Every structure is written in C-alpha cells, then in structure tokens.
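As structure tokens, the structure follows; a few thoughts come after it.
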2 protein chains.
Amino acid sequence: MTRPSDITRDRILKAAERLFAERGYDATSVRAIVARARVNQAAINYHFDGKEGLYREVLRTAFRGLTEDQLAHADDTAGLPREEALAAFVRRQLHPLSARDEASRYMRIFNWETVRPTPVFRKLMSEEAAPFMGLTVDLVRRFLPEADQRSLMVAAIWLIGQCSVFVRNREQLAGPPVALELDDMAVDWLAQLLSRWTMRGLGAA
Amino acid sequence: MTRPSDITRDRILKAAERLFAERGYDATSVRAIVARARVNQAAINYHFDGKEGLYREVLRTAFRGLTEDQLAHADDTAGLPREEALAAFVRRQLHPLSARDEASRYMRIFNWETVRPTPVFRKLMSEEAAPFMGLTVDLVRRFLPEADQRSLMVAAIWLIGQCSVFVRNREQLAGPPVALELDDMAVDWLAQLLSRWTMRGLGAA
DNA sequence: TCCGTTTTCAAACTCTCGTTTGAAAACGTA
DNA sequence: TACGTTTTCAAACGAGAGTTTGAAAACGGA
C-alpha cells in the first residue's frame, strides 16, 4: 500500500483539514491547500473531483473522529451507575479543551457548519449523527425514565450544549471580560461542576 | 435631515445587515448588497469606503442594538424573585427562535464572528461585553451566593450556553435525526424546561 | 438662474477563484 | 525492455469578486 498517489492524496487531506478548520470552506482556496500540501493544483480535481469533494472527505473524517470516541465507550458506560456514566460523558465532551489535537480541529470545522450548514454537512449529519444522538438520549433517559421522546431529545441537546459552549468559545473565553484560563486541572474541575449541575437539573440527588 | 444621500446610505445598511446575517461576510458580495438595496454598485465605496468599512458599520449597529436590548431588561429582572428572573432571562435568550426581527439578525451576525472573530469584533467584545456578562453573573449569584468568582463565571457561561445551543443550531435541529420543530408554543415549552433544569442544577427547589 | 459641490451611474479594470486541458512523467506488468 | 495505465505538471480559461473611473445628474446656497 501507500502508493505514491496515496501519498499525494494524504498530503492534500492533511493540509485541507488544517486550512478548513482555520478559515472555513469559503475562505480556503484550492491554491492555498495545494501550496501547503506541496502538490500540483490539478491534484485536487484529480483525486477528489473538486474542492467540494475534498471537503466532503474532510468532513467525514472529522465526524468519525469526533463521535467514535464517545461511541467506543458506549459499552463501558452502559455498565456504570448513571452518575458515573454522565460524568464520563461530560469529561469526554470537554476533551478538546485539554488537547490541541485532531479533535480540536474537527470541532472547529463543525463550528463553521453550525452557522450556515453546507448541503454536504446536512447530508452527513442526517445520515451519521443518529448513533451519537441515540447514545446521548439513552444516557439522559436514565435520569428521566418517564419523559417523552421530544423531552429526551431536548435534554440530550441541552447536555451537549453545556459542554460545547466551553469548547467552541475557548479562545474568546480566555480573554476579557471572562478571562477563563483552562489548563488540564481546570478542565477536570469544570467537568465535575458541569456534571453536578446537570445531574441535579435532571433530578438526581 | 434624511438627505437623499442618507437614504442611499440607509438602504445599503439595511440590505447589508440582512445579507451579512444570512450568509456571513465572505459569502456576501457587494453586488448582492447593491441589488437588494437597489443602488449603484459604486455607492458602497462612496459611502463606506469599501465592503470592509460597510461591515464595520453593520457590526457596530448590531452590537449596540443587542446590548441595549439585553440591558434594558436588567432593571425589571432585578426586582423579581430569582426563579422568575431566571425564567425571564432564559425566555429572552431563546427569543431569536420565535422572532425574525433585528435582534435575531444581530445574533446571527455574532454567530459568524464567534467562529473566526475579526479584529473589529474582538475589540468591540472585550470593551462592551462586560455589562452583559455582569448581568448574567448577578443572576446566577442569586442561586450560588457562596461561590467564588470563577465558579460564577462558569455558571454564567453554562447558562448562556444552554440557550445558545438551541438558537445557533435551530436549522440543523429541525432536520433528522433530531427533528425538533420549534413553533412559538414549543419555544415557551422549551424555555420552561430549560429554566427548571437550570434552577435545579444550581440548587434551587 | 447660476455654479461649485455632492451624489449617482454604467462601464471597465484588476485580481483571485475553481476548474480544465493536453502533454509529460512515473508506474506496473508482461 | 516495451507498452498501456495512472499520476503529475504548467499553463490557460471563464466566472465572479471588489474596486476604480470619469462623466452625468442632482443638489443647494448665492
């Protein structure tokens, strides 16, 4: 494997991932991508059938990367008491805060999409978000056993939203007027705080 | 006042506000703006010294409009019991869900900025967001009278984040796999749900 | 009314974008 | 080695972007 052509493909993907995360789809030019990847300009059209096709590929990678972490632990948490399962879920959702890795970039790509979703993203979302949403709904159901489906859905989004506001706005929150510096220890502290408030909110002791 | 030239200026501002809110800065062309405003293409450069100057002006308007809107209700809520004050705050934060008015557009322009803040926006934010944050911190302090400043800050962001996740992602949440349709009645129901969970989370009965 | 200023206008300019092209190079297999 | 295929490459294309231009029109005080 790893034929020369695959190397080119990979370099493009890596460069595109970084640039899309940093500037968004529109503001990222094909020329900027090929310059960073040090490949020819026509390579994107050859390997990905255009800029949009490349973006689709990057989005897929990002989505898998973000959700597989939670999905991989789905079985573990199912065996835990609901309080511990929730705490673990929150801690994992906050993970991009304590690591400047792929997950942070993936999150950033998603941020661009939340304001005005591209058709590519909409499709991906409607096709592949179900497992993750299901997992989250299952979790909140353990606290709201009698709630209807719509309430469970809202509770799941509520839970996700509480975490994502910190992840999304980390950079801004670091500055005035909030000045919230989040080192690794602070992230653990934050996770505990959020877990406690969420559990109490959903009616646990 | 309202000389003919001011009318042109105003038409451009109104059209730009709508288009920037809808599509963001990059994806909005000056040709689209002048078409909607029904003015000549050169008018933007004449009156605002270019697209960027126009955006700066729109951003200023948006910021003023939003902060005035939020802070105008600060006095009302100060007199209410903390539970009612919180409910009113949540309902107010969810307002863009049920109205397509100026405030919703302003919020949307801000959403664009949270992904990749322009220098103009950063400055505006660090200088003028303090009153709104202060208001929110005051509100959560009524539930956490003994908490330190950092916890209060986190609680304030937590509160804001719970609401904004529904506002920001309204379009996506309407589709699969969530399929959360939010008409006016549903927004009221959602506001009640969020208020209740938040209050319990922060330790109120 | 007259005249200098302000404002509008259609057209063109320059730049960057994503994509296409056709040939050259590299590759894999017999 | 020889040959068909895959992959790379430099160059150019057409579309759309923001801006500039210079003249025409509208305005406003004397």
Side-chain angles (χ1 to χ4, degrees), chain A residues 1-60 109 112-113 115-121 123, chain B residues 1-60 109 112-113 115-116 118-121:
Chain A
M1 272 303 138
T2 65
R3 296 177 292 119
S5 68
D6 286 337
I7 295 178
T8 300
R9 221 186 108 96
D10 205 55
R11 288 157 71 102
I12 293 174
L13 277 175
K14 287 225 159 52
E17 184 187 301
R18 283 179 162 74
L19 287 172
F20 282 144
E22 194 179 331
R23 313 179 189 175
Y25 180 81
D26 284 328
T28 299
S29 70
V30 167
R31 283 172 173 82
I33 297 173
V34 299
R36 190 189 240 273
R38 281 181 300 184
V39 301
N40 185 267
Q41 183 159 184
I44 287 181
N45 291 278
Y46 179 79
H47 286 280
F48 299 96
D49 201 38
K51 184 184 179 184
E52 200 175 301
L54 169 59
Y55 185 61
R56 179 178 288 113
E57 209 60 32
V58 171
L59 267 188
R60 255 201 280 269
I109 292 175
W112 287 101
E113 289 287 349
V115 190
R116 188 175 176 79
T118 59
V120 181
F121 181 78
K123 191 148 176 292
Chain B
M1 275 303 138
T2 67
R3 294 178 291 116
S5 68
D6 286 336
I7 294 178
T8 300
R9 221 186 108 94
D10 204 55
R11 287 157 71 100
I12 293 174
L13 276 174
K14 287 223 160 56
E17 182 187 300
R18 282 178 162 75
L19 288 172
F20 282 144
E22 194 179 332
R23 313 178 189 177
Y25 179 82
D26 283 328
T28 299
S29 69
V30 305
R31 283 174 173 81
I33 297 173
V34 299
R36 190 189 241 272
R38 280 181 301 182
V39 300
N40 185 269
Q41 184 161 184
I44 286 180
N45 291 278
Y46 180 78
H47 286 280
F48 298 97
D49 200 39
K51 185 185 179 184
E52 201 175 302
L54 169 59
Y55 183 64
R56 195 192 316 276
E57 208 60 33
V58 169
L59 211 54
R60 254 201 280 270
I109 292 175
W112 285 102
E113 288 287 347
V115 187
R116 187 177 174 78
T118 57
V120 183
F121 182 78

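Everything quoted here is computed from the prediction, not taken from an experiment. Lettering follows sequence order; numbering is per chain, from 1.
In this structure, CZ of A:R38 is placed 12 Å from P of D:dC9, rounded to the nearest angstrom. Atom pair B:I7:CD1 and D:dA26:P shows a separation of 15 Å (rounding to whole Å applied). Across the protein-nucleic acid pair, B:Y46 atom OH and C:dT6 atom P stand 7 Å apart, rounded to whole Å. The separation between A:R9 atom CZ and D:dT7 atom P is 11 Å, rounded to whole Å. Between the CG atom of A:L54 and the P atom of C:dG18 there is a distance of 11 Å, given to the nearest Å.
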Side-chain polar contacts of residues 53-60 of chain A - donor-acceptor pairs under 3.5 angstrom, sequence neighbours left out - could you list them?
| unit_1 | atom_1 | unit_2 | atom_2 | d |
| --- | --- | --- | --- | --- |
| A:Y55 | OH | A:E113 | OE2 | 2.3 |

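Dashed line: the shortest gap from a side-chain N or O of A:H47 to OP1 or OP2 of D:dT8 is under 4.0 Å. Put simply, B:T8 has a side-chain N or O that comes within less than 4.0 Å of OP1 or OP2 on C:dT8.
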Do nucleotides 10-22 of chain D as a string where each nucleotide becomes B, S or -: B if the base has a protein heavy atom under 4.0 Å, S if just the sugar-phosphate does, - if no protein is that close. B-B----BBBBB-
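Enclosure of atom CG in A:D10 by more than 12 non-hydrogen atoms of other residues, nucleotides or ligands within 6.0 angstrom is indicated.
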For A:I33 and A:T28, what are the C-alpha separation, side-chain angles and deciding distance, and is it a side-chain contact (heavy atoms from CB on, under 4.5 Å)? CA-CA 7 Å; A:I33 297 173; A:T28 299; 3.7 Å; yes
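Using modelled atom types, one side-chain atom of A:W112 and one backbone atom of A:A21 make a donor-acceptor pair closer than 3.5 Å.
Listed in residue order, the members of residues 10-22 of chain A having a heavy atom less than 4.0 Å from DNA chain C come to none.
Inter-residue side-chain proximity for A:F48 and A:L13 is flagged as met; some heavy-atom pair is nearer than 4.5 Å.
Under the rule for a side chain to side chain contact (heavy atoms under 4.5 Å, CB included), the partners of B:V30 that lie at least two apart in sequence or sit in another chain are B:Q41, B:I44, B:K51. Considering only residues two or more places apart in sequence or on other chains, A:R36 meets the salt bridge (Lys or Arg N to Asp or Glu O under 4.0 Å) condition with none of them. Not counting sequence neighbours, the partners of A:A27 by the side chain to side chain contact (heavy atoms under 4.5 Å, CB included) test are A:R23, B:D26.
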